[in-house]
Number of protein chains: 2
Amino acid sequence: MHRMAAKSLKARGGSGAGKRRAGAAGTGPGRRPTISREDLISAALGLVGPHRSISTLSLREIAREAGIAPNSFYRHFRDTDELAIALIDLAGRSLRKIIGHARHRASAERSVIRTSLESFMEQLGADEKFLHILLREGNTGSEAFKRAVERELRFFEDELCVDLVRLARANNSPIAEPALAAKAITRLVFAMGASALDLPREHHAAILEQTVVMLRMIVTGAQRMASENIAAG
Amino acid sequence: MHRMAAKSLKARGGSGAGKRRAGAAGTGPGRRPTISREDLISAALGLVGPHRSISTLSLREIAREAGIAPNSFYRHFRDTDELAIALIDLAGRSLRKIIGHARHRASAERSVIRTSLESFMEQLGADEKFLHILLREGNTGSEAFKRAVERELRFFEDELCVDLVRLARANNSPIAEPALAAKAITRLVFAMGASALDLPREHHAAILEQTVVMLRMIVTGAQRMASENIAAG
DNA sequence: GCCATTTATATACATATGTATAGACATGTG
DNA sequence: CACATGTCTATACATATGTATATAAATGGC
């Protein structure tokens, strides 16, 4: 992906790419595909790690890892950036599902937040590649890639904002600026998660507790600010 | 820097590198260096940007940018990772100086934090490359590189913690867990700064205000939690 | 000027990259 | 079976990379 960012800024129109996509599998004459987009994404996932950012993967090494000739790559993705963006989408979807389950399991006052955070940390410790990439690769890469990451963060902020508003109402304890509080929480959790990635597993529980305290500060502060606003208004 | 991370993990001992360093300039026979470490760092700075992470720069393109033959690079740095680490050190030092000045200029209650944040945002808007790199490149790269970035973050946390404790005492308004509050603030400011990088300059004032509100939540919450602890204790 | 030293360059090597073109292979349909 | 189609591979090309070796160039001391 060298110079890939500069390339991806030259818009070429997506029409040709759509037509050449390997999408007619199973519905007519022609060889069946032996490899899918998902196989290529898995190959890329097998290559990224703490010291290999997705933006440093070359098309040829992904193809090699997937067991295909380099030129076959183009039948599935326009370039490696497109694969990276597809991967971020998948990662966000996966994490959203996990956090969604955690939200359903929560029942007590602050437990939505705590159980979400616990699920998050579990995934972190489970060596869940999707989550690792989301946490690590948010700030570099092509414009489109960064937008994809930002979009995932926004999903979490929006969901958390809804939760905060609902909790405030349920407890008759309003909070100031729920959208900002949600944004602060989300960004902080992602930052703490990214730091935790480089620490041994034994430290994860401590990071979780630290993060819980931080989140409590934000929520408590937002509640206090709301009651000050009411008193002042 | 392809595979540079894997290379940097194979410790080779720094002794040889120290001996071969271009350090005897001006004190004996021998050609004078025509280029310095700082020139190479400046060349690298000229190449990084929103879509070119430092970890993607090759030795040859840095040398080209600096106007030297590739092999001369080795007289100044062992490899590109060593340059990257030196750059992070420089960036941290530069930012620490700027924030230090802001701290000296502050006089009122919360103004240490606000003026520091304003200085931070000014630097952001001034296209200060050092700051951009610190914000963007914290989570990928070699172990040594990530440690260098983490070290810079720690410096800011420690300074802010001192400020928070001092403010709490001056106002007779204790705060709970000042170290955690400082960590939350630092991580959040860096995350918000990184997001701001990809937005037009007109949005920076809005991001600053959002960040101020978030920081107020944390401080207010920490104060509330401290008074609750006192009440419970 | 000669010499030792230090720095920089040129050249070479092996290997890696993305992409284009031509051909091979696998599949379903008539 | 022949054919059209869709997918994959092999080969080629131009260019890029990091690093090794030999040589050139610049400098100060004698």
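Order of the sequence lines fixes the chain letters, A, B, ..., with proteins taken first and strands second; residue numbering starts at 1 for each chain. Values in this document were obtained by computation on a predicted structure and should not be read as measured data.
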[X] side chain near [N] phosphate (N/O to OP1/OP2, under 4.0 Å):
{"X": "A/His76", "N": "D/dG6", "answer": "no"}
{"X": "A/Ser58", "N": "C/dT17", "answer": "yes"}
{"X": "B/Thr34", "N": "C/dA8", "answer": "yes"}

Non-neighbouring partners of [X] that pass side chain to side chain donor-acceptor pair (under 3.5 Å), sequence neighbours left out:
{"X": "B/Arg147", "result": "none"}
{"X": "A/Glu65", "result": "none"}
{"X": "A/Ser53", "result": "A/Ser55, A/Glu137"}

Spacing between [X] atom [atom1] and [N] atom [atom2], to the nearest angstrom:
{"X": "A/Arg64", "N": "D/dT9", "atom1": "CZ", "atom2": "P", "answer": "14 Å"}
{"X": "B/Ile35", "N": "C/dA8", "atom1": "CD1", "atom2": "P", "answer": "7 Å"}
{"X": "B/Asp39", "N": "C/dA8", "atom1": "CG", "atom2": "C1'", "answer": "14 Å"}
{"X": "A/Asp81", "N": "C/dG18", "atom1": "CG", "atom2": "P", "answer": "13 Å"}
{"X": "B/Phe77", "N": "D/dG18", "atom1": "CZ", "atom2": "C1'", "answer": "17 Å"}
{"X": "A/Arg75", "N": "C/dA26", "atom1": "CZ", "atom2": "C1'", "answer": "13 Å"}
{"X": "B/Phe73", "N": "D/dT17", "atom1": "CZ", "atom2": "P", "answer": "13 Å"}
{"X": "B/Ile62", "N": "D/dA16", "atom1": "CD1", "atom2": "C1'", "answer": "15 Å"}

Legend entry - Partners passing ring-ring contact (aromatic ring centres under 6.0 Å, His included) against A/Phe145 (at least two apart in sequence or in another chain): none
Inset, instruction - Check salt bridge (Lys or Arg N to Asp or Glu O under 4.0 Å) between A/Arg31 and all other residues, then give those that pass, not counting sequence neighbours. - result: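 Salt bridge (Lys or Arg N to Asp or Glu O under 4.0 Å) check on A/Arg31 returns nothing, list empty.
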Legend entry - Contact state string [nucleotides 20-30 of chain D, B base, S sugar-phosphate only, - no protein heavy atom under 4.0 Å]: BB---BBBS--
Legend entry - Presence of salt bridge, B/Arg187 and B/Glu157, under 4.0 angstrom: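 Looking at B/Arg187 together with B/Glu157, the answer is yes, because their closest N to O distance falls below 4.0 Å.
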Legend entry - Residues forming a side chain to side chain contact (heavy atoms under 4.5 Å, CB included) with B/Asn139, sequence neighbours excluded: A/Arg136, A/Ala194
Inset, instruction - Please step through side-chain hydrogen bond (donor to acceptor under 3.5 Å, both in side chains) for the pair B/Asp39 and B/Ser36, ending with a clear verdict. - result: CA-CA 5 Å; B/Asp39 293 332; B/Ser36 66; 3.3 Å; yes
Legend entry - Selected nucleotide, minimal atom distance to B/Leu59 side chain, candidates D/dG18, C/dG18, C/dT7: D/dG18
Legend entry - Axis-to-axis angle between the two ends of the helix from C/dG1-D/dC30 to C/dG30-D/dC1 (five base pairs per end, rounded to 10 degrees):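 Nearest ten degrees gives 10° for this helix.
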Legend entry - Within residues 199-211 of chain A or reaching into it, pairs that qualify as salt bridge (Lys or Arg N to Asp or Glu O under 4.0 Å) - sequence neighbours excluded: A/Arg114-A/Glu209
